[in-house]
A.B. asks: 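Have a look at the structure that comes next, please.
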Number of protein chains: 2
Amino acid sequence: MMSMYTKNINTHLIEIKDYFKVAISVDCVVFGFAEDKLKVLLIKSDLNEYKGKWSLLGDIVPPDEELDAAAYRVLHNRTGLDNVYLEQVQTFGAIERHPAGRVITVAYYALVDLEQIKGKTTNADLYWLSVDELGDMAFDHQQILNACVLRLQQQMMAQPVGFNLLPLKFSLRELQSLYESVFGRELDRRNFRKKFLSMDLLEDLNEEEADVRHRPARLYKFNFIKYDQQRKRNLGITF
Amino acid sequence: MMSMYTKNINTHLIEIKDYFKVAISVDCVVFGFAEDKLKVLLIKSDLNEYKGKWSLLGDIVPPDEELDAAAYRVLHNRTGLDNVYLEQVQTFGAIERHPAGRVITVAYYALVDLEQIKGKTTNADLYWLSVDELGDMAFDHQQILNACVLRLQQQMMAQPVGFNLLPLKFSLRELQSLYESVFGRELDRRNFRKKFLSMDLLEDLNEEEADVRHRPARLYKFNFIKYDQQRKRNLGITF
DNA sequence: TCAAAAGTGTTCAGGTTACACCCATGT
DNA sequence: ACATGGGTGTAACCTGAACACTTTTGA
């Protein structure tokens with residue numbers, strides 16, 4: 001029973017035959033934050049099977065391109081942005097997930113500052129939709145999106161990645177609103193402010209919001225350098 | 001510039017040509033726990049490039065097999081075990097990572113109870129090595145292993161997955177030793193016991209260790225059912 | 001002057017840490 | 001009897017949660 005497995009790709013030189021070959025793609029869940037909602041960048045599929053349904057941004061990975069590079073390429077071509085926060089999440093490979101054949105897709109999520117995108121998005125087929133308000137999606141993209149939202153939540157609890165969704169200058173209200181929309185929970189304003197200010201990682205810019213019809217909020221920026229220096233690891237078993 | 005990307009695999013019917021095809025494999029980081037150390041199951045590679053270096057258990061995924069199924073297959077064929085805890089971690093696709101050509105590999109980690117394996121491992125080429133004591137590994141397997149250790153740490157902090165590495169009946173000392181070896185830290189015995197006993201998820205079996213030359217420890221089992229019922233979600237931003 | 005959101009402290013409960021001595025068993 | 005690890009409690013500290021009023025601005 002085990003003999004057929006004593007030789008394999010990790011231990012012996014075997015030829016990669018055609019019947020081993022499948023296609024690889026990357027799919028990007030591009031998150032943004034606007035109007036106090038977590039948004040995701042989608043396009044309408046024209047495939048017969050999924051006509052008009054929302055689809056993630058993705059593309060085939062040719063054999064001479066790195067996975068991360070493929071994701072960056074998709075993202076750059078669609079949004080015009082460089083230096084985007086991008087992270088691999090999970091690989092989806094159900095046999096029948098794509099009508100064109102066996103296409104295994106590596107899912108990434110990206111965090112972009114929507115203010116930097118305005119005007120750059122030349123592609124009119126792209127839409128920013130609220131994550132909690134979208135209907136049927138093409139392929140297994142709903143599943144992919146769910147996995148990315150979950151991962152985003154985990155990351156935002158453990159690391160300061162959320163700031164990639166905000167402008168460089170932001171108010172504490174915007175920050176709180178971001179956390180509330182990602183976690184789907186209201187948070188206490190005083191406790192939230194206390195928490196973030198006590199980290200001593202928000203730099204008070206001594207600037208204020210403009211054009212609001214109420215008392216303007218102070219603007220802050222996140223001090224990534226300081227964060228990198230003082231990051232601590234504390235074991236907290238919580239399950 | 002964007003025209004070449006308006007048609008792609010998510011939006012239009014395109015043919016998957018040969019020059020898009022690459023090979024997919026799965027690699028399993030099989031963790032075990034013995035002699036107070038976290039162990040990993042490895043095999044020696046016979047590939048010329050990596051002669052004698054340690055390699056993970058992996059195999060090519062044929063187009064008609066699910067990814068998870070491929071990982072289970074590798075694991076079952078190597079260890080004889082079913083019902084193994086298995087989780088996808090990350091996909092590694094560096095262009096030159098495999099000498100046979102472009103092989104993109106989906107990494108999984110598995111948690112097994114070493115006591116259940118004794119006698120089942122018919123394949124003599126397999127070795128259990130301590131995670132912190134192994135030298136050069138083949139391919140990018142060191143990188144894959146590191147990613148899996150990191151993920152294991154994250155999981156063990158947030159969820160009771162570690163019990164999959166222990167026998168059904170275990171002592172608190174074994175449990176603590178497991179956590180210490182996974183996190184590479186000594187923990188206070190009294191606090192550790194208090195913590196786990198206060199969760200009220202360990203069932204006292206009213207049994208004791210045997211064959212120890214000191215006071216025998218009580219044996220417990222983890223109550224997974226109770227855990228599933230009372231699991232709570234609490235937001236704790238800690239970075 | 002009104003509407004709307006900004007800004008601000010204290011108290012309480014629960015969890016985490018640090019820490020030292022007696023107990024049960026086998027040899 | 002001794003060596004080895006099992007088993008136990010308390011006090012200080014810190015963190016997270018609950019909670020209401022005053023301030024600033026534009027309309």
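In this text, all values refer to a predicted model and were calculated from it rather than measured experimentally. Just so we're on the same page: letters track the sequence lines, and every chain starts at 1.
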A.B. asks: Find the distance A:Phe196:CZ to D:dT15:P and express it as a whole number of Å.
C.D. replies: 15 Å
A.B. asks: Identify which nucleotide among C:dC23, C:dG7, C:dA18 has an atom closest to any side-chain atom of B:Arg215, counting heavy atoms from C-beta outward.
C.D. replies: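 Of C:dC23, C:dG7, C:dA18, C:dC23 is nearest to the side chain of B:Arg215.
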A.B. asks: What do you reckon, are the aromatic ring centroids of B:Phe224 and B:Phe222 less than 6.0 Å apart?
C.D. replies: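 Yes: the rings meet the under 6.0 Å criterion.
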A.B. asks: Closest-nucleotide mapping onto DNA chain D: is B:Glu174 or B:Asn191 further toward the 5' terminus? I mean the 5' end.
C.D. replies: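 Upstream on the strand: B:Glu174.
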A.B. asks: Let me know the distance between CD of A:Glu186 and P of D:dA17, rounded to the nearest Å.
C.D. replies: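 To the nearest whole Å, that distance equals 15 Å.
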A.B. asks: Measure from CG on A:Leu202 to P on C:dG7 and round the result to the nearest Å.
C.D. replies: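 These atoms are roughly 12 Å apart.
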A.B. asks: C:dA5 C1' sits how many Å from A:Asp36 CG, rounded?
C.D. replies: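 To the nearest whole Å, that distance equals 12 Å.
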A.B. asks: We want to know whether A:Lys39 and A:Ser130 form a side-chain donor-acceptor pair, criterion being a heavy-atom distance below 3.5 angstrom.
C.D. replies: yes
A.B. asks: Check every atom of D:dG6, D:dG7, C:dA6 against the side chain of A:His214 and return the nucleotide holding the closest atom.
C.D. replies: C:dA6
A.B. asks: Could you tell me how far apart A:Asp211 (CG) and C:dA6 (C1') are, to the nearest whole angstrom?
C.D. replies: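 Roughly 17 Å, once rounded to whole Å.
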A.B. asks: Report yes or no: is there a donor-acceptor pair, N or O only, under 3.5 Å between the side chain of B:Arg190 and the base of C:dA20?
C.D. replies: yes
A.B. asks: For the ring pair B:Phe170 and B:Tyr220, is the centre-to-centre distance below 6.0 Å?
C.D. replies: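 So the answer is no for these two rings.
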A.B. asks: Within the 4.0 Å heavy-atom criterion, would you say B:Lys194 contacts the bases, only the backbone, or no part of the nucleic acid?
C.D. replies: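 Base contact - B:Lys194 has a heavy atom under 4.0 Å of at least one base atom.
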A.B. asks: With no hydrogens and no angle check, do the side chains of B:Asp68 and B:Tyr108 hold a donor and an acceptor under 3.5 Å apart?
C.D. replies: yes
A.B. asks: By nearest nucleotide on DNA chain C, pick out whichever of B:Arg213 and A:Pro216 is the more 5' one.
C.D. replies: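 Here A:Pro216 is the residue nearer the 5' end.
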A.B. asks: Atom CG of B:Leu187 and atom C1' of C:dG15: how far apart are they, to the nearest Å?
C.D. replies: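 In whole Å, C:dG15 C1' lies 16 Å from B:Leu187 CG.
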A.B. asks: Can you tell if the side chain of A:Tyr127 reaches within under 4.5 Å of the side chain of A:Ile43, non-hydrogen atoms only?
C.D. replies: no
A.B. asks: Taking only the side-chain heavy atoms of A:Arg193 (C-beta and beyond), determine which of D:dT25, C:dT25, C:dT8 contains the nearest atom.
C.D. replies: C:dT8
A.B. asks: Nearest whole angstrom, please: distance from the P of D:dT15 to the CG of A:Asp188.
C.D. replies: 18 Å
A.B. asks: Between C:dA18 atom C1' and B:Arg189 atom CZ, what is the distance in whole Å?
C.D. replies: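 So the CZ-C1' distance, B:Arg189 to C:dA18, works out to 14 Å.
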